[in-house]
There are 2 protein chains.
Amino acid sequence: MPYSSEVAFEAAPFDVVEASRRVWLERWEPEAASGMAVFASILRSHQLLNEQVNDVMRRHGLTFARYEVLAWLGTDPDSARTLSWISKSLRIPPATVTDIIDRLELEKLVRRAPHPSDARTTLAVITARGRKVATDATHDLNTEVYERIGLSEPQRGQLVELLAQLRASGNEFDVERSSDVMEEVGTRGARARRGKRRPDVA
Amino acid sequence: MPYSSEVAFEAAPFDVVEASRRVWLERWEPEAASGMAVFASILRSHQLLNEQVNDVMRRHGLTFARYEVLAWLGTDPDSARTLSWISKSLRIPPATVTDIIDRLELEKLVRRAPHPSDARTTLAVITARGRKVATDATHDLNTEVYERIGLSEPQRGQLVELLAQLRASGNEFDVERSSDVMEEVGTRGARARRGKRRPDVA
DNA sequence: ACAGAATACTTCGGTTCCGTAGCAATCGTC
DNA sequence: GACGATTGCTACGGAACCGAAGTATTCTGT
C-alpha cells in the first residue's frame with residue numbers, strides 16, 4: 001500500500017497539537033503554549049490540505065509551487081510576469097523561481113522572453129498549453145479540495161480573517177501598499193476597462 | 001545580502017490571499033473561492049512562521065522536522081519511541097523517519113536501540129546531549145517566535161479551535177481514540193503516578 | 001505448525017527546494 | 001559620465017523529503 005494518495009488519509013492516533021499544548025503548559029509560559037499551538041495547528045492543517053492538493057497536482061504533472069506560478073501567469077492581462085515579481089509576490093526564493101520556470105519551460109507551459117526595456121530582467125510568458133493545464137488543474141482543485149473543506153462559510157471567513165491579522169502583524173505583506181497594488185494586479189477585463197499600464201514595468 | 005535570516009522579513013507588495021480570492025470570485029463558485037482563501041491563508045501563514053522557526057533551528061543545527069522528533073523523544077518517560085510511533089503520530093513517511101534518525105544519530109543526539117520484545121522494531125533513544133539541544137532550541141523558539149505571534153490570547157484560542165475542526169473533519173487525527181491515547185502519552189510525572197505500561201509496546 | 005498476510009524498517013533513486021556566490025545590467029550620485 | 005551600490009537572474013552544491021521495492025520478523029487462521 002502506498003503511503004499517501006489513493007487511500008483516503010490515515011489518521012494519526014491522537015491530536016498532536018492538543019498533546020503538545022499540555023506538555024508546553026506544564027513546562028513553559030502560557031503565551032509560549034498558545035503560540036506553539038497556533039503554529040502546530042497551522043503546520044498540521046497545511047500538511048493535511050497540502051497532501052490533498054498535491055495528489056491533484058500530481059495527476060496534472062505539477063507541484064503546487066509550479067501550479068501557483070502558472071496560475072498567476074494566467075491571471076495577468078499580458079500573460080507575463082518578471083521572475084522577480086514572482087519571487088517577491090509569491091515569496092519564493094529567486095533560485096527556486098529559476099528552477100520552477102526551467103521545469104515549466106521544459107514542458108512548454110511557459111516560455112522565457114527578454115524584458116523590453118531592462119536587459120537584466122526576464123519575463124515568463126504562459127503558453128496556450130500552460131493556460132489549459134492551469135485551468136484544468138484549478139477546476140479539479142476546486143471541486144476535490146477547496147469546496148470540501150470541513151468548515152461553514154462563516155467559519156471560513158473567520159479563519160481567513162484571523163490568519164490575515166496574523167500575517168499582517170508578521171509583516172507577510174505590505175499592508176500600506178496592498179490595496180493600491182491589488183488594483184494593478186486585477187484581471188484582464190478590469191484592467192482593460194481602465195486602460196492601465198503593465199504592473200511589471202513599474 | 002542573504003535571502004532570509006538576519007533581515008527581518010521582507011513584505012510581499014500585496015496580500016496574495018485577498019488578490020486570489022477576488023480572481024476566484026470572478027471565475028469560479030463562491031465555495032471554491034472561500035476554500036481557496038482558507039488554503040492560501042494557511043499556506044502563507046505557514047510560510048511566514050516556518051521561516052522564523054527555521055532561522056532559529058538553523059542556529060541550533062537542526063531543521064524543524066529533526067527538532068520535532070527530538071522534542072517528542074524528550075517528552076517520553078523512557079526517552080524512547082519506536083520509529084513507527086514517530087511515523088504515525090507525527091505523520092512523517094517511514095523513509096523520512098529513517099533519514100531523520102540517521103542524521104540525529106550522526107550528531108549523537110539520539111541512538112538506536114533494539115526493541116526488547118519485537119525484533120522488527122527499532123527504538124530511538126534521546127541522549128543527554130540531545131535533551132539539552134532540544135531544551136535550548138525550545139527556549140529560543142518560545143521567546144523568539146511563539147510568544148510573538150501577533151494575536152491576542154482569545155484570538156489564538158479561536159484560531160486553534162477552528163483549525164482543530166478543520167483537521168478533525170479532514171480526518172487528520174483519530175477523534176475517537178485521541179483523548180484515550182493522550183493519557184498514555186502524558187509526561188513522566190503523570191505516568192509514573194499511575195504506573196502505566198509503555199505506550200510503545202502497545 | 002505452517003502458509004500467507006501484515007508490520008517495521010531500510011535502501012534506492014529521484015525530485016524539489018534553497019543558501020550562497022557569482023555575473024551582468026542598471027541606477028544613483030557626485 | 002564614471003564609479004559604487006543595487007537589482008535580476010543563474011550555477012552550483014547540498015539537504016530534505018518521499019514513493020516504491022526489498023528484507024526480515026511477527027501475527028493470524030486453520
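The chains referred to below are lettered A, B, ... by the order of the sequence lines, with proteins before strands, and numbering in each begins at 1.
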Distances under 3.5 Å only, N/O to N/O: pair up the protein atoms with those of nucleotides 22-24 of chain C.
none

Report each atom pair, protein N/O against N/O of nucleotides 1-5 of chain D, whose distance is under 3.5 angstrom.
none

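Of the residues in residues 61-70 of chain B, not one places a heavy atom less than 4.0 Å from an atom of DNA chain C. Proximity of residues 100-108 of chain A to DNA chain D (heavy atom under 4.0 angstrom from any strand atom) is not detected for any residue.
Nearest-nucleotide mapping onto DNA chain D: of D99(A) and R112(A), the residue sitting toward the 5' end is R112(A).
When the nucleotides dA8(C), dC9(D), dT26(D) are ranked by their closest atom to the side chain of T122(A), dC9(D) comes out on top. Side-chain proximity of D118(B) to the nucleotides dT26(C), dT25(D), dT10(D) is greatest for dT25(D). Side-chain proximity of A95(A) to dA11(D), dC18(D), dG8(D): nearest is dA11(D).
The pair R167(A)-D15(B) meets the salt-bridge criterion, since a charged nitrogen lies less than 4.0 angstrom from a carboxylate oxygen. Classification of R44(A) and E68(B) as a salt-bridged pair holds, one side-chain N sitting under 4.0 Å from a carboxylate O. Under 4.0 Å is where a charged nitrogen must lie from a carboxylate oxygen, and between R148(B) and E144(B) no such pair does. Comment: R66(B) does not engage D102(B) in a salt bridge, judged by the lack of any side-chain N to carboxylate O separation of less than 4.0 angstrom. For the pair R59(B) and D55(B), the salt-bridge criterion is not met [side-chain N within less than 4.0 Å of a carboxylate O].
Within 4.0 Å (heavy atoms only), T96(A) reaches at least one base atom of the nucleic acid. Among the atoms of the strands shown, only primed sugar atoms or phosphate atoms (P, OP1, OP2) are found under 4.0 Å from some heavy atom of T121(A).
Bending across the helix from dA1(C)-dT30(D) to dC30(C)-dG1(D), expressed as the angle between its end axes from five pairs apiece, amounts to 40° (10° rounding).
Phosphate proximity of dA8(C) to S87(B): absent, as no side-chain N or O sits under 4.0 Å from OP1 or OP2. Of the side-chain N and O atoms in K88(B), none sit less than 4.0 angstrom from OP1 or OP2 of dT7(C).
Every residue meeting the side chain to side chain contact (heavy atoms under 4.5 Å, CB included) condition with N142(A), not counting sequence neighbours, appears here in chain and number order: T138(A), Y146(A), E147(A), W24(B), W28(B), A32(B).
Here the rule is side chain to side chain contact (heavy atoms under 4.5 Å, CB included) with I126(B), and of L73(B), T75(B), L104(B), V69(B) only L73(B) fits it.
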